[in-house]
Amino acid sequence: RAENNACGGCHDGVYNKSANSVKKHGLLRCVLCHAYEHGNIPTCRDCHNFGPHKQSLVESFGVCADCHGDPHTLRLEGY
């Protein structure tokens with residue numbers, strides 16, 4: 001995660017959330033999700049498609065963060 005220090009220089013709030021997270025997203029380099037352009041904010045489905053859920057369930061709820069929270073500090077058991 002040392003590569004994330006460059007991002008953390010300006011984005012310290014998000015950096016601190018991610019750096020202190022015990023979830024798997026906290027282990028990722030920022031550029032894995034935000035690589036295409038500065039300020040790019042991908043959707044969860046860009047990487048996870050529908051995840052472990054059925055498509056109909058995801059489409060009925062719409063926003064993954066409604067249940068799972070901020071992707072930098074996910075609310076998931078065992079993830």
Side-chain angles (χ1 to χ4, degrees):
R1 293 191 280 191
E3 299 92 346
N4 292 346
N5 290 340
C7 302
C10 294
H11 305 281
D12 60 334
V14 173
Y15 169 80
N16 289 328
K17 284 182 187 180
S18 182
N20 293 313
S21 175
V22 297
K23 304 300 183 184
K24 289 183 182 178
H25 278 190
L27 300 175
L28 300 176
R29 295 177 322 172
C30 299
V31 296
L32 183 69
C33 298
H34 304 286
Y36 300 109
E37 62 186 61
H38 184 255
N40 176 51
I41 300 176
T43 68
C44 301
R45 288 178 49 188
D46 288 342
C47 292
H48 300 285
N49 198 10
F50 294 105
H53 306 297
K54 292 181 180 180
Q55 181 176 348
S56 60
L57 177 70
V58 174
E59 289 175 347
S60 67
F61 281 93
V63 180
C64 301
D66 287 349
C67 294
H68 298 293
D70 183 330
H72 302 100
T73 57
L74 294 172
R75 292 189 306 253
L76 293 171
E77 293 299 319
Y79 188 152

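Residues Gly26 and Ser21 share a closest heavy-atom pair of CA-CB, 4.3 Å. Pairing each heavy atom of His34 with each of Asn40, the nearest pair is ND1-O, 2.6 Å.
Atom OG of Ser18 sits about 9.5 Å away from atom CG of Leu74, to the nearest 0.5 Å. With rounding to the nearest 0.5 Å, the separation of CZ in Arg45 from CD in Gln55 is 6.5 Å. Rounding to the nearest 0.5 Å gives a distance of 8.5 Å between SG of Cys47 and CG of Leu28.
Between His38 and His11, the angle of the ring planes lies from 30° to 60°, which puts this pair in the tilted group.
Among Asn5, Asn4, Asn20, the one residue that satisfies the side chain to side chain donor-acceptor pair (under 3.5 Å) test with Tyr15 is Asn5.
Summarising the local packing, CZ of Phe50 is surrounded by more than 12 heavy atoms from other residues, nucleotides or ligands at distances under 6.0 Å.
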Derivation and outcome, side-chain contact (heavy atoms from CB on, under 4.5 Å), residues Glu3 and Val31:
CA-CA 9 Å; Glu3 299 92 346; Val31 296; over 6 Å; no
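For the pair His25 (side chain) and Pro71 (backbone), a donor-acceptor distance under 3.5 Å is present.
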